[in-house]
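This report refers to the structure that appears directly beneath it.
Atoms considered below: every heavy atom in the structure, side chains included; atoms not considered: hydrogens, waters and symmetry mates. First the proteins, then the strands, lettered A, B, ... as listed; each starts at 1.
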Protein chains: 2
Amino acid sequence: MSITIKDVAKQANVSVATVSRILNNLPGYSDETQQRVKKVIEELGYQPNAVARGLINRKTKTIGVLVPNVSDLFASEVLAGIEEQAHEFGYSVMICKTNHDGKRTINYLQALYEKRVDGIIIVSEFITLDYYKTIETNKVPVVLVATESEYPLPFIKVDDYQAAYDATTYLVKKGHADIGMIAGTESDVISTTPRIEGFKDALNNVGITVTKEMITFGDFSFKSGIEGMKNLLKNYPKVRAVFCASDEMAVGALSLLYKKGISVPEEISIIGYDNTATAEKAIPPLTTVAQPLYKMGKDSIQLLLNPTLKINQRYPHHIAERDTVRAYSE
Amino acid sequence: MSITIKDVAKQANVSVATVSRILNNLPGYSDETQQRVKKVIEELGYQPNAVARGLINRKTKTIGVLVPNVSDLFASEVLAGIEEQAHEFGYSVMICKTNHDGKRTINYLQALYEKRVDGIIIVSEFITLDYYKTIETNKVPVVLVATESEYPLPFIKVDDYQAAYDATTYLVKKGHADIGMIAGTESDVISTTPRIEGFKDALNNVGITVTKEMITFGDFSFKSGIEGMKNLLKNYPKVRAVFCASDEMAVGALSLLYKKGISVPEEISIIGYDNTATAEKAIPPLTTVAQPLYKMGKDSIQLLLNPTLKINQRYPHHIAERDTVRAYSE
DNA sequence: TTGAAAGCGCTAACAA
DNA sequence: TTGTTAGCGCTTTCAA
């Protein structure tokens, strides 16, 4: 049985109301009382019960985060930003690893609502009608990060189309013409479709027709990058540069090329996407499209807690130039 | 104002007690009542208030995790295990990124206690007297992961001394004699000291005297791996194999060697520590000491929630053999 | 400046 | 099988 506000009140010879006022910096007590109460709090080692507070305030000072995975660098970088900003604002964060599983996700949403979190951040997850319905009926604020939705939910995200367009154009400007792409999950309309469109348009605009052999699908993972590179080599053997829709896949491609004895960037150039910590550690260091993941995480908390503050929702990207793209002299 | 148990009771023409019983699967109502109440719950979209429950039960079904960092592969792998097991047991997890900052850590502990978490897991953190005092006064169970303490706290951890001994011996058995080490943070008595001892003893046992030049200190990070490798090359130029106290540092070493045109494992062999996801993605794939990080995370929850269940606290390690260690024919 | 008391939404005696 | 009621620890009127 731990110390309650009553114990403090009794010990300090005041009412619980007064202790509460002091605890919450409300007016209504003398300096003398305050000192006495504070001393008692100290002596007793009293810790306010946030659960009781939450019940009455309807505020738990905690926010929930849904994320497909916590152990990949993309998600964990966003998570780090979320955690940091939440901490600065005095909030705690509950993580929910969805594994991209619909039932599990609904489950988590349910749990978060029952625990009365003050807000929810959803990272890299497609919003199904089911999700949206439960989001809508509970009036808890939601912010999407690295994803967006047909439903009216605020989001923070890079312009995938433009970023893919720029990455491809970067390759073209370096003198490349035989460019392939290892895309993400084929069914993923949020991140995969626009990146493919950007890729296609960038090439079309310089008069290159994109054929089926030039694009292969993966699932953003290292392994699928290996497979993707294999496919490209087989179906589009004259490929000299490839745009990968994630750093993980890019590193997979690097691995395969290494194993095959094909040198990067001398023989084949690679550009990735995300600029996670992997990129600079890759051999050779990976040129990639940089997304400000940490900042996106931080800002998502700001947006969540301060919805009037209209943070710009389309986030800037840029090319982080390292050593995997070869320039051809023109 | 959301739906409460009272609303359900009224609507179903029963008392709140009955609704509560049904909600908690306690005996004491007819089938007919149950059906009626369940229907009302459904219709009203009633969601039990976990905060109110927590107040009365003194159980919040949430556990807190203190971790220095969430965006490195070591921590996030452990975290994934924690989250998974917590979810299976119906618990939520609050993450607290300490940044290895003492004040911040105490702060977090305080917040977790105020929020009345049911347990706390501390990952890779040295337990100061300060921490221990606040842990001790609050009677909330604590489990340490990948660290241990002079204070009586249960922990889950690999035997660092033995693992380092085995890694070094592995190198010796492959025919190496000129072996260096890139160790962790010099002041870190938990993970650095025993690994150095293991390294030294393994070499001493085969008649090799370890000199100062053979060991350099880093801080487990990629960058410090680069520096460490530089130092080794300078101070101990005949080095032909190096034992790195983390995969991150090993990958840093790989990077430097690549840049210098020194081939791995032909000229220099590298063995890492942790077997994080980096290891298999490295070029060449990294041979390393494997710790069961995910499982350690999972088991920490088991141990936390089931303290009688004496899980073995010293976890097994093994060498994950890949391509960075060259064998010399004898 | 202070205190009494109601009540947040729920569970758990205790009674019926 | 069911209901009444007293709290859990706190905040917040309202009155003094």
For residues 126-134 of chain A, which side-chain donor-acceptor pairs fall under 3.5 Å, sequence neighbours excluded?
| residue | atom | partner | partner atom | Å |
| --- | --- | --- | --- | --- |
| A:Thr128 | OG1 | A:Asp130 | N | 3.4 |
| A:Thr128 | OG1 | A:Tyr131 | N | 3.1 |

Could you list the donor-acceptor pairs under 3.5 angstrom formed by side chains in residues 72-89 of chain B, with sequence neighbours left out?
| residue | atom | partner | partner atom | Å |
| --- | --- | --- | --- | --- |
| B:Asp72 | OD1 | B:Phe74 | N | 3.0 |
| B:Asp72 | OD1 | B:Ala75 | N | 2.9 |
| B:Ser76 | OG | B:Asp72 | O | 2.9 |
| B:Glu83 | OE1 | A:Arg104 | NH2 | 3.1 |
| B:Glu83 | OE1 | A:Tyr108 | OH | 3.2 |
| B:Glu83 | OE2 | A:Lys97 | N | 3.0 |
| B:Glu83 | OE2 | A:Tyr108 | OH | 2.4 |
| B:Glu84 | OE1 | A:Lys97 | NZ | 2.7 |
| B:Glu84 | OE1 | A:Arg104 | NH1 | 3.3 |
| B:Glu84 | OE1 | A:Arg104 | NH2 | 3.1 |
| B:Glu84 | OE2 | A:Arg104 | NH1 | 3.1 |
| B:Gln85 | OE1 | B:Gln302 | NE2 | 3.4 |
| B:Gln85 | NE2 | B:Glu88 | OE1 | 3.4 |
| B:His87 | ND1 | A:Tyr108 | OH | 3.1 |

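For the salt bridge (charged side-chain N to carboxylate O under 4.0 Å, His left out) test, no residue two or more places apart in sequence or in another chain qualifies with B:Lys59. Qualifying side-chain hydrogen bond (donor to acceptor under 3.5 Å, both in side chains) partners for B:Thr276, counting only residues two or more places apart in sequence or in other chains: B:Asp247, B:Thr278. Applying the side-chain hydrogen bond (donor to acceptor under 3.5 Å, both in side chains) criterion to B:Thr192, with sequence neighbours excluded, gives B:Asp188. Applying the salt bridge (charged side-chain N to carboxylate O under 4.0 Å, His left out) test to A:Glu150 and every residue at least two apart in sequence or in another chain returns nothing. When the side-chain hydrogen bond (donor to acceptor under 3.5 Å, both in side chains) test is applied to B:Asp31, no partner is found at least two apart in sequence or on another chain. A:Ser71 pairs by the side-chain hydrogen bond (donor to acceptor under 3.5 Å, both in side chains) definition with A:Asn69, not counting sequence neighbours.
In this structure, CD of A:Gln47 is placed 13 Å from P of D:dG9, rounded to the nearest angstrom. Taking atom CD1 of residue B:Ile3 and atom C1' of nucleotide C:dC10, one finds them 16 Å apart after rounding to whole Å. Between A:Leu23 atom CG and D:dT12 atom C1' the separation is 14 Å, expressed in whole Å. Atom CG in A:Leu26 sits about 14 Å away from atom C1' in C:dT2, given to the nearest Å. The distance between atom NZ of A:Lys10 and atom P of D:dC10, rounded to the nearest whole Å, is 13 Å. Computed from coordinates, the A:Ile22 CD1 to D:dC10 C1' distance equals 15 Å when rounded to whole Å. Between the OH atom of B:Tyr113 and the P atom of D:dG9 there is a distance of 19 Å, given to the nearest Å. Rounding to whole angstrom units, NZ of residue B:Lys115 and C1' of D:dG9 are separated by 17 Å.
Evaluation of the side-chain hydrogen bond (donor to acceptor under 3.5 Å, both in side chains) test over residues 39-53 of chain B, restricted to residues two or more places apart or in two chains, returns A:Asn138-B:Gln47.
Defined by atom type and a distance below 3.5 Å, a donor-acceptor pair is missing between the side-chain atoms of A:Thr60 and A:Lys115. A side-chain donor from one of A:Tyr315 and A:Asp299 sits under 3.5 Å from a side-chain acceptor of the other.
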Can you give me the N/O atom pairs linking the protein to nucleotides 1-4 of chain D at distances under 3.5 Å, or say none if there are none?
| residue | atom | partner | partner atom | Å |
| --- | --- | --- | --- | --- |
| D:dT2 | OP1 | B:Thr33 | OG1 | 2.8 |
| D:dT2 | OP2 | B:Ser30 | N | 2.7 |
| D:dT2 | OP2 | B:Thr33 | OG1 | 2.7 |
| D:dG3 | OP2 | B:Ser15 | N | 2.7 |
| D:dG3 | OP2 | B:Ser15 | OG | 3.2 |
| D:dG3 | OP2 | B:Thr18 | OG1 | 3.1 |
| D:dG3 | N7 | B:Arg21 | NH2 | 3.4 |
| D:dG3 | O6 | B:Arg21 | NH2 | 2.3 |

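Across residues 49-57 of chain B, B:Leu55, B:Ile56 each have a non-hydrogen atom less than 4.0 Å from an atom of DNA chain D (numbered order).
End-to-end axis angle of the helix from C:dT1-D:dA16 to C:dA16-D:dT1, using five pairs per end and rounding to 10°, comes to 40°.
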